[in-house]
Asker: 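One structure follows; several queries about it will come next.
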Amino acid sequence: MPTNGGSALIRALELEGVEVIFGLPGGAILPVYDPIIDSPIRHILVRHEQGAGHMAEGFAHATGRPGVAMVTSGPAATNIVTPLCDAYMDSVPMVVITGQVPTPAIGTDAFQECDTVGITRSVTKHNELVTRAEDIPLVIRQAFHIATTGRPGPVLVDIPKDIVDPVNPRSALEWYWPTDDEVASSLPGYRPTTAGQADQVRAAAELILSARKPVIYAGGGILKARAAAALRELAELTGIHVVTTLMARGGFPDDHPLCLGMPGMHGNYTAVTAMQSADLLIALGSRFDDRVTGKVDAFAPEARIIHVDVDPAEIGKVRRPDVPIVGDCRVVIEELVTAVRDLSGGDVAAAQPDRTEWRSTISGWQERYPLVYEQSTEGDLLKPQYVLEQLRDRAPEDCIVASGVGQHQMWTSQYWRFNHPYTWVNSGGLGTMGFSVPAAIGAKVGRPDRMVWAVDGDGCFQMTAQELVTAATERIPVKVAILNNAYLGMVRQWQEMFYDERYSEVYLSPDLPDYVKWSEAMGCVAMRVESPEEVGPAIDKANEIDDRPVVLEFRTDSSEKVFPMVPAGRSNSDIVVDPSQPPPGGLR
Amino acid sequence: MNLPPPPGPPPRHHVLSVLVENRAGVLARVASLFARRGYNIFSLAVAPTHDDRFSRLTVVVDVESAPLEQVVKQLNKLVNVLEISELDPRDSVERELVLLTVTADGDRRQEVLGLVERFEGRVLDDGADEVTVSVEDHPSRLDDLEELLRPFGIVGIQRTGRVALPRLESGGPV
């Protein structure tokens with residue numbers, strides 16, 4: 001069947017199961033936008049291309065399916081570099097299509113030309129400049145295959161205008177749809193590993209059965225591999241406690257007795273200290289990020305390491321494991337469960353050392369060092385943690401929450417109760433301020449049945465707030481809670497603690513902009529909340545609104561800091577707890 | 001007068017033989033990966049193989065700049081990279097080509113030509129006061145040649161970077 005590149009591209013996206021594209025048209029991509037009118041694919045018109053990218057990420061986080069964004073050449077392509085890098089760091093499956101100037105103009109500094117594949121090379125799992133219309137179906141299939149298999153990640157496809165423009169003879173092609181085998185054989189260098197090596201799995205099971213102080217260090221790979229159920233089975237079978245990193249929140253239920261919560265720079269005392277004191281760390285889909293390990297040389301000094309990851313390059317990158325296992329987290333965990341059962345002859349508890357003392361040490365830490373803050377009372381400044389607790393308690397349990405980056409992100413991770421996978425949408429690796437509003441919109445588009453809250457800071461909100469216009473126009477009823485402390489709060493915290501309270505360029509003003517007027521102007525319902533007794537009623541009111549976006553601006557105490565904290569570059573043993581708690585005297 | 005590589009201190013670099021898809025942009029992917037991860041490329045040679053769907057790169061990586069394991073693993077993640085092998089200098093044959101323009105005037109001309117002959121080189125271009133020669137040998141021998149010619153005055157030099165293949169099982173240097 002004869003067709004043209006533009007129609008073939010949209011057809012290919014339909015056949016890949018794409019239901020939604022986040023994007024914004026422009027000169028070079030115009031011919032691809034024309035067939036969208038006749039396609040069942042929903043297009044969501046964003047106000048800035050960065051928004052399209054983060055929406056695609058939010059969609060992917062919430063659904064597990066690849067998010068798709070489409071933008072034009074030049075400045076549109078450069079505007080989407082941040083979301084690409086964000087998705088690359090957090091292994092988010094995403095396909096981005098960019099327009100490009102016509103092939104004869106490439107390299108001439110044409111209007112809105114930039115070297116998109118060159119610029120995005122180091123922030124994509126793969127990218128491709130397509131130069132012939134007949135390659136479009138295959139390249140699109142390859143893009144989805146690469147984005148969603150192995151360690152997921154963003155793939156960019158750059159499409160010159162002449163090969164998609166029906167008036168140009170170069171756009172003509174005979175339609176075809178490559179088979180899975182044709183896709184695989186067209187990528188001879190791409191062969192992700194799935195199953196773990198049997199002898200390594202057995203060696204890991206032996207270590208697990210002999211450990212006295214084991215901790216499961218669950219990372220974002222648990223969610224990417226859809227391994228939450230398998231993880232729970234392994235933890236319950238062995239009775240081993242689980243920490244869930246910032247990227248893994250929800251991968252193991254926070255209300256589970258074996259859950260220790262988030263480790264790392266702002267992790268809770270027990271999660272940090274249990275890892276630090278462990279004799280075995282079972283790292284599942286985690287990458288020993290510096291925000292988790294603190295000073296690497298001093299991290300978990302007595303622990304042997306089992307490291308399971310689908311990306312061989314993660315293994316040994318930061319810490320050399322005793323048992324390396326390359327494979328898909330779900331597959332390998334299931335293999336581990338079987339191996340543990342087999343090796344223990346059925347009675348797993350009897351086959352393991354007595355861990356009573358370890359368990360009581362852990363519960364001692366939990367009792368001694370819970371997360372704390374001083375409650376707000378009537379007339380006081382609002383405590384951000386109180387706002388989070390109220391948001392959490394008044395939202396349905398399966399509510400999806402997205403956050404920006406900074407103090408509010410850490411408080412959200414600390415105070416929310418993530419009992420279900422795919423309820424937490426955040427920017428972990430890159431730490432992209434402004435992530436939450438567009439990401440929440442993408443998540444809501446992917447899961448319209450769920451309530452979606454974006455918890456944002458005032459600094460973050462000002463970076464991407466314009467996407468609330470998109471949400472209002474497209475009737476995407478997300479809810480946004482701005483924790484307005486009038487500062488770039490995390491920077492302020494560091495300046496207070498590590499720069500002698502010299503507050504350099506960190507003050508934002510609580511009143512400028514007027515967040516309520518601004519939000520109303522963007523088509524949202526907006527409310528300002530200034531005292532503790534108003535918090536609950538305002539949230540309840542917001543939760544009842546389901547036909548447009550809502551913004552709640554909470555005026556919060558700017559002096560509040562995130563604790564615990566492991567100062568950057570220090571050992572996790574140097575963890576600083578809330579000033580109201582007794583300072584820990586080293587380990588144990 | 002082909003000589004086996006001289007024994008000496010352990011090599012300061014790793015030699016990687018990388019089989020890649022022969023298509024636009026692949027070299028840039030490899031090069032920018034090295035740059036992005038902070039690995040230094042000592043030399044790099046690339047050309048299509050006997051199967052023109054593929055090219056072979058011989059990359060010499062500075063040992064100091066990166067743990068080899070990470071370099072290899074990161075390279076392997078590139079979708080267009082098919083196969084990577086480290087070539088141990090003791091188990092591989094290595095060659096490099098150099099073009100040199102050297103000052104060779106008056107009495108010194110015979111000395112220069114004598115050296116070139118010792119290295120089985122050829123004179124490619126003969127000027128009044130300069131000669132351009134080509135020499136193909138083990139890279140460390142080319143280093144020696146360069147040292148020997150330096151006093152005469154090297155006007156221009158272009159080395160190709162090393163190329164290498166694994167030694168055959170029962171083979172030896174020829």
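A, B, ... follow the sequence lines: proteins, then strands. Residue 1 opens every chain. Computed from a predicted model, the values in this text were never measured in an experiment.
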Asker: What I want to find out is whether A/Glu128 reaches B/Arg23 closely enough, with some N-O distance under 4.0 Å, to be called a salt bridge.
Answerer: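 Salt bridge flag = yes for B/Arg23 with A/Glu128.
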Asker: For A/Thr124, is it the side chain, the backbone, both or neither that has a heavy atom under 4.5 Å from a heavy atom of chain B?
Answerer: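 Looking at A/Thr124, nothing touches chain B.
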Asker: Given the rule in the side-chain hydrogen bond (donor to acceptor under 3.5 Å, both in side chains) test, do A/Asn127 and B/Arg29 qualify, once you have shown the distances and angles that lead to the verdict?
Answerer: CA-CA 10 Å; A/Asn127 65 15; B/Arg29 286 179 204 281; 2.9 Å; yes
Asker: Counting only heavy atoms not in A/Asp109, do more than 12 fall under 6.0 Å of its CG?
Answerer: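 Count not over threshold, so no.
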Asker: Counting only heavy atoms from other residues, nucleotides and ligands, does the tally under 6.0 Å from CZ of A/Arg304 exceed 12?
Answerer: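 12 or below, so no.
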Asker: Measuring heavy-atom distances to chain B, does A/Leu129 have an atom under 4.5 Å in its side chain, in its backbone, in both, or in neither?
Answerer: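 The answer is neither part of A/Leu129.
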Asker: May I ask you to check whether over 12 heavy atoms, not counting those of A/Asp199, lie within 6.0 Å of atom CG?
Answerer: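 Yes, CG of A/Asp199 has more than 12 neighbouring heavy atoms, counting only those of other groups under 6.0 Å.
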Asker: Which atoms of B/Val79 are under 4.5 Å from chain A, going by heavy atoms: the side chain, the backbone, both sets, or neither?
Answerer: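 Answer is both: backbone and side chain atoms of B/Val79 are under 4.5 Å from chain A.
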Asker: Distance check, rounded to the nearest 0.5 Å: B/Asn76 atom CG versus A/Arg191 atom CZ?
Answerer: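 That separation rounds to 12.5 Å.
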Asker: Measure distances from B/Leu78 to the heavy atoms of chain A and classify the residue's part below 4.5 Å as side chain, backbone, both or neither.
Answerer: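 For B/Leu78, the backbone is the part near chain A, not the side chain.
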Asker: Should A/Arg121 and B/Arg36 be marked as a side chain to side chain contact (heavy atoms under 4.5 Å, CB included) after you check the CA-CA gap, both sets of side-chain angles, and the distance that decides it?
Answerer: CA-CA 10 Å; A/Arg121 190 171 288 135; B/Arg36 145 92 177 83; over 6 Å; no
Asker: Between A/His126 and B/Asn80, what is the shortest heavy-atom contact and its length?
Answerer: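 Looking at all heavy atoms of both residues, the shortest contact is CE1-OD1, 3.6 Å.
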Asker: Just verifying a value: how many Å separate B/Lys73 NZ and A/Lys317 NZ, rounded to the nearest 0.5 Å?
Answerer: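 Those atoms lie 10.5 Å apart.
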